[in-house]
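The structure appears right after this line, and notes come after that.
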Amino acid sequence: MDDARYSFSQAQGYEEIPTQLKLEELPGEARIQIWNLLYADLDESMETSNMGYGPWVGGNWVHVLRAVHMGYFVKSLDDWRTDFWPICRELRQYVETQPFNRVFDLVQFVLRQRLCPRKLVGQMKRTFEVCRLAYTIDIGPPPTILPAVTPEEGNAIVESIQALQQAGLHGSAEHLRRASACINRRDWAGGVRESIHSVESVARQVDPGAGRTLGPALKSLERRGALRPALKEGFSKLYGYASDEQGIRHALLDQPNAAVGRDEAVFMLGACASFASYLWRKHIAGEDG
C-alpha cells in the first residue's frame, strides 16, 4: 500500500484507514485543511510597509476578495478594506462555522473568479480527495463542486462533463453542473430534472427532430446499429422513471413533496452524466462508420 494519504501506522495496519465521508459531511479536520489552503495562498499576497502600517492583501487576491465582499457576502463597496488580518478572521470563522453547503458556496465562488490563482483549483481538488469528502471538483471551466459518493463515481462524472465540454456540448455540461448545484442545496427533484435535461440536450444533437424527448434519439441510434435493443430498453425505462415521477420534469407538477430523495438524485446525476457522454460517443462512431 503506497497511497500518500495513509500514515505509516495506517499502511502497516496499526490503525484503521479512514473511510470515505458521506454526503453533507464536512468535519472539523476538513474545514481546517480547506482554510489552511486558502490562508497559505493569501499569505503569499500579504504586503507590508516600512512606514509602520499594514499588512494588507495585495496582488490578484485584492480583486478576488473584493468580489467576495460584494458578490458573495453582498456588502457595500464603501465598506471594503484590504486589511489582511480582519479579512482572514472573517473567512476563517466562516469556514469553521457555516453549514457545509455554505462553505462549498464560498469555495466555489472563489475558484470561479477570473483572477483566482489557477494552482488553487487543483490544490483544492486534491484537498477534497485527501480529506475523503464525498465531493469532487471539476476544474472546468468553470470549477464546480460535484457530489461523489465514491472517488470512482466522482472521476466518472468529471470525465463525462469534460468530454461533453470538449465536444462542444456546453448545454449538456451546464445542466450537469446545475444538477450538482441542486443536490448541494438539497433540491433533489431539481437535481434529477437537470440531469435529465443534460441527456435531452445531447439527444437533440443526435436527432434534431427529437424535440425535447429522448425516444427518437434512441431509435435513431438503434436504426444505425449504434445501440443494442436491450440497452435502448434499459435507457428508456430509466428515462421513463424521471418522466413519470410527479414533481420532476413538468413544472406544473413540481410539488414540494415530490417522491425523490438524495440517493435518487445522486444516482441520476452519475447515470445521466455517463449516459450523455455515451450517447454522443455512439453518435460520432456511427457517423464515422
Exercise. After noting the C-alpha distance and the side-chain angles of L133 and T127, does the key distance pass the side-chain contact (heavy atoms from CB on, under 4.5 Å) rule?
Worked result: CA-CA 9 Å; L133 298 180; T127 296; over 6 Å; no
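- The local environment of CZ in R118 is crowded, with over 12 non-hydrogen atoms from other residues, nucleotides or ligands closer than 6.0 Å.
- Atoms CG and CG, from L164 and L279 in turn, are 10.0 Å apart once rounded to the nearest 0.5 Å.
- Of the N and O atoms on the side chains of E194 and H197, not one donor lies less than 3.5 Å from an acceptor on the other residue.
- The closest side-chain heavy-atom distance from V57 to D83 is not below 4.5 Å.
- Checking W188 against D263 by side-chain atom types alone, no donor-acceptor pair falls below 3.5 Å.
- Nearest heavy atoms, G140 versus R177: CA-NH2, 4.3 Å.
- Within the 4.5 Å cutoff, the side chain of L38 has no heavy atoms near those of the L91 side chain.
- Residues L42 and F84 come closest through the heavy atom pair O-CE1, 3.5 Å.
- At a threshold of 4.5 Å between non-hydrogen side-chain atoms, the residues E153 and F267 do not count as touching.
- Closest non-hydrogen pair, C272 versus S195, comes out as CB-O, 3.4 Å.
- The two atoms that bring C182 and G191 nearest to each other are CB-N, 3.4 Å, heavy atoms only.
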For this session: Take D105 and R185 through the salt bridge (Lys or Arg N to Asp or Glu O under 4.0 Å) test and state the conclusion after the steps.
Result: CA-CA 10 Å; D105 285 343; R185 64 173 180 263; over 6 Å; no
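- Side-chain atoms of W35 and C88, non-hydrogen and from C-beta on, do get closer than 4.5 Å to each other.
- A perpendicular orientation is assigned to the rings of Y72 and Y94, their planes being inclined by more than 60° (bins at 30° and 60°).
- A salt bridge links R126 to E129: one of the charged nitrogens lies within less than 4.0 Å of a carboxylate oxygen.
- Of the N and O atoms on the side chains of Q165 and H170, at least one donor lies less than 3.5 Å from an acceptor on the other residue.
- Relative to the ring axis of F128, K125 does not place its NZ or CZ within 45° and under 6.0 Å from the centre.
- Side-chain contact between N101 and R186 is absent, with no heavy-atom pair separated by less than 4.5 Å.
- Between S180 atom OG and I161 atom CD1 the span is 5.5 Å, to the nearest 0.5 Å.
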For this session: Test salt bridge (Lys or Arg N to Asp or Glu O under 4.0 Å) on K75 and E90 and set out the steps.
Result: CA-CA 13 Å; K75 295 182 179 180; E90 180 181 30; 2.6 Å; yes
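- W80 has its side chain within reach of L65: a pair of non-hydrogen atoms, C-beta onward, lies under 4.5 Å apart.
- Taking both residues in full, the closest heavy atoms of W61 and P117 are given as NE1-CG, 3.7 Å, listed atom of the first, atom of the second, then distance.
- Within the model, atoms CH2 of W280 and OG of S172 stand 10.0 Å from one another, a figure rounded to the nearest 0.5 Å.
- A salt bridge is defined here as a Lys NZ or Arg NE, NH1 or NH2 lying under 4.0 Å from an Asp or Glu carboxylate O, and R132 with E29 fails to meet this definition.
- Heavy atoms from other residues, nucleotides or ligands lying under 6.0 Å from CD of E47 number more than 12.
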Problem set entry | T144 and I137: CA distance, side-chain angles, deciding distance, side-chain contact (heavy atoms from CB on, under 4.5 Å) verdict | CA-CA 6 Å; T144 302; I137 296 179; over 6 Å; no
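- Taking the six-membered ring for Trp and thresholds of 30 and 60 degrees, Y135 and F104 have ring planes more than 60 degrees apart, a perpendicular arrangement.
- Once rounded to the nearest 0.5 Å, the distance linking CG of L146 with CD1 of I183 reads 9.0 Å.
- More than 12 non-hydrogen atoms from other residues, nucleotides or ligands lie less than 6.0 angstrom from CZ of R112.
- Here N60 contributes atom CG and D41 contributes atom CG; the two are 10.0 Å apart, rounded to the nearest 0.5 Å.
- Classification of E44 and K119 as a salt-bridged pair holds, one side-chain N sitting under 4.0 Å from a carboxylate O.
- Taking 4.5 Å as the limit, every side-chain heavy atom of H69 sits out of range of all side-chain heavy atoms of I87.
- The two atoms that bring A179 and L269 nearest to each other are CB-CD1, 4.0 Å, heavy atoms only.
- Here the side chains of P143 and M124 are not in contact, with every heavy-atom distance at 4.5 Å or above.
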